[in-house]
Protein chains: 2
Amino acid sequence: MDELHKDYSMKPAELTRAISDSLPEMRKSERKVAEFILANLTEVIRMRIVDLAESAEVSEPTVVRFCRAVGCDGFQDFKLALAQQLASSPSYGQIAVTDADSVAEYTFKVFDSTVDTLLKVRDSLDLDMLNRAVNAICAANRVEFYGFGASAAVAFDAQHKFFRLQVSAAAYADPHLQNMSATSMAPGDVVIAISQSGRTTTLINAIEQVKSRGAIVIAIAPSDTPVAMAATIPLTIDAKEDIQIYTPLSSRIAHLVVIDVLAIGVAKHKGGQLQEHLLDLQHGLEALRVPQNN
Amino acid sequence: MDELHKDYSMKPAELTRAISDSLPEMRKSERKVAEFILANLTEVIRMRIVDLAESAEVSEPTVVRFCRAVGCDGFQDFKLALAQQLASSPSYGQIAVTDADSVAEYTFKVFDSTVDTLLKVRDSLDLDMLNRAVNAICAANRVEFYGFGASAAVAFDAQHKFFRLQVSAAAYADPHLQNMSATSMAPGDVVIAISQSGRTTTLINAIEQVKSRGAIVIAIAPSDTPVAMAATIPLTIDAKEDIQIYTPLSSRIAHLVVIDVLAIGVAKHKGGQLQEHLLDLQHGLEALRVPQNN
DNA sequence: ATTTTCTTGTAAATTATTTACAATGGATGA
DNA sequence: TCATCCATTGTAAATAATTTACAAGAAAAT
């Protein structure tokens, strides 16, 4: 009976994985369908059920049963879901770079896995926390960014970004400076602590310092980590981080984008007069550049 | 007659734009369809032609005529194309953040526009240049990164990244240091010059210095800019950069990802012994962290 | 070996899409 | 202002696609 295949609803992004996963527990003819589909992903989305049935050497109802088995409403629904997944991450399921990959392949994989990470992070963000973070930043006199290692670069980028928005921003990657900064924070001020591991001892110390001064700590770190838990406003980001050789570190990019979101939020708060300021900045920078040639 | 609408074939990514573009020259009822579709993008992909016709208050054949007018084969084909486009950039056509947006809205828009940029950059990369860049880096004794402003953060991130790969890397955002570094480069060494504008005078000077020393300059900059043109190996990236108030600066993220690609390429060249090194690094960093709690 | 249950396909019914054609309505010129 | 023509739209029929119901055939179990 069909009910051995659970009818759980799923996001389109998980379709091909769902297919591969349930391959072993499929019936023979359904498996024929699955195998044909996996081998001809891009073609399938433009096929009619009759063609697909013929190609997979099964009957049409079997195709429909297959679609239901992987959680879709019917064949049309399946095609739609497949089309969406293919559009969103073309090399899904084989994102890890391998030795054999050509330049073209690993380039695409790096981009695709980054995109993948971003979309996952986007969907798992706590918007309420985000809002609180924006409000806190807007209310603060000073905003400072702490981070080590790869997160130091993120912190400097953030500083640059907020500077543009007329926010008094600083970034420290030196524990001593962080400490000095921390002790000089006043109530209402904001420190944004960035960590990929969420477990950096020095950073946690600095956070405690800042909190003892009555300032607010926004953490950008994985959930259930000391850094996230120590923060006043935790922005948790769980981009899984392989330390594997061929895996790019996407989480720092997710961190940057989250900071972009904060910056946009602050820009919205500040409203129109900022536009003018940004144009001024632009003009100022123009002096450092070669004249535009068009 | 229908033939006033040209039957040009197009990439799915341009569908909604094609719709908006041809809106003015559409017939009244076709426009009703177009407007309804643009206002209900996500719903439409799961609608049947009858529902859509009813919602748009037109007949079914009109819907089909509309689909043909925008370059599709029929209604099914249209839905498929739309689904693919939506999957690849979910809030296409309304990515610019507006004053009225809620936290949820602008968060999604920031992520989506970043994703959008990445996918565009991915598709426009010159893989041959990329390959040459990887080879140059692998052959170099020293690799240094130059960048100002937002690109300085990118440069520091890159330094960190390559350091992990046992590449002797440095990053300079100070023109004086850049100059000193430039004059000490030897033939075969590599400088990676990062610029969002591609027109920073100081950077161009440094590039000329480096070239005169016989070293290789890889540029990460927009095409047709002095920086790109001065480089030995230009990696051109044309993420359009609005200086608008509510637009995130996605190009620096594209730059980071391109550097990720370079890093993966170098890692592949270096091969297996690197794995061990990365694990060592990991262990070393562990000492700076709170013990894992699971 | 026989019965039961699961799997698959055939054929029919349903449902969706497309085509052909007719009616409407607006524009143009008398 | 009315008649005529052509562009536009809808109606209804035809075609095509998908889904359901059921029966035949395998496989498994007793």
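None of these values were measured; they are calculated from a predicted model. Throughout, a chain's letter reflects where its sequence line sits, starting with A, and its residues are numbered from 1.
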Atom-to-atom span, [atom1] of [X] to [atom2] of [N] - whole angstrom:
| X | N | atom1 | atom2 | result |
| --- | --- | --- | --- | --- |
| Asp73(A) | dT15(C) | CG | P | 15 Å |
| Arg31(A) | dC6(C) | CZ | C1' | 15 Å |
| Met47(B) | dT15(C) | CE | P | 19 Å |
| Lys32(B) | dT9(D) | NZ | C1' | 10 Å |
| Lys28(B) | dG26(C) | NZ | C1' | 9 Å |
| Phe78(A) | dT18(D) | CZ | C1' | 15 Å |
| Phe66(A) | dT19(D) | CZ | P | 14 Å |
| Leu52(B) | dG10(D) | CG | P | 13 Å |

Which listed nucleotide ([options]) is nearest to the side chain of [X]?
| X | options | answer |
| --- | --- | --- |
| Ile49(B) | dT20(D), dT18(C), dA17(D) | dT18(C) |
| Ser29(B) | dG9(C), dT9(D), dT18(C) | dT9(D) |
| Val50(A) | dT18(D), dT19(C), dA21(D) | dT18(D) |
| Arg68(B) | dT19(D), dA21(D), dT19(C) | dT19(C) |
| Glu60(A) | dA11(C), dT19(C), dT18(D) | dT18(D) |
| Thr62(A) | dG9(C), dA17(D), dT9(D) | dG9(C) |
| Gln76(B) | dT17(C), dT18(D), dA20(C) | dT17(C) |
| Val58(B) | dG9(C), dT18(D), dG10(D) | dG10(D) |
| Phe75(B) | dG10(D), dT10(C), dT18(C) | dT18(C) |

So, are [X] and [Y] salt-bridged, with charged N and O less than 4.0 Å apart?
| X | Y | answer |
| --- | --- | --- |
| Asp73(B) | Arg68(B) | no |
| Asp51(B) | Arg46(B) | no |
| Lys120(A) | Asp116(A) | yes |

5' precedence on DNA chain C between Asp77(B) and Ser59(A) (nearest-nucleotide basis):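 Its nearest nucleotide lies further toward 5', so the answer is Ser59(A).
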Kindly say whether the aromatic ring centers of Phe66(A) and Phe78(A) come within a distance under 6.0 Å. yes
Base, sugar-phosphate, or nothing for Val63(A), non-hydrogen atoms under 4.0 angstrom? nothing
Test item: side-chain donor near acceptor, Ser59(B) and Thr62(B), under 3.5 Å: yes
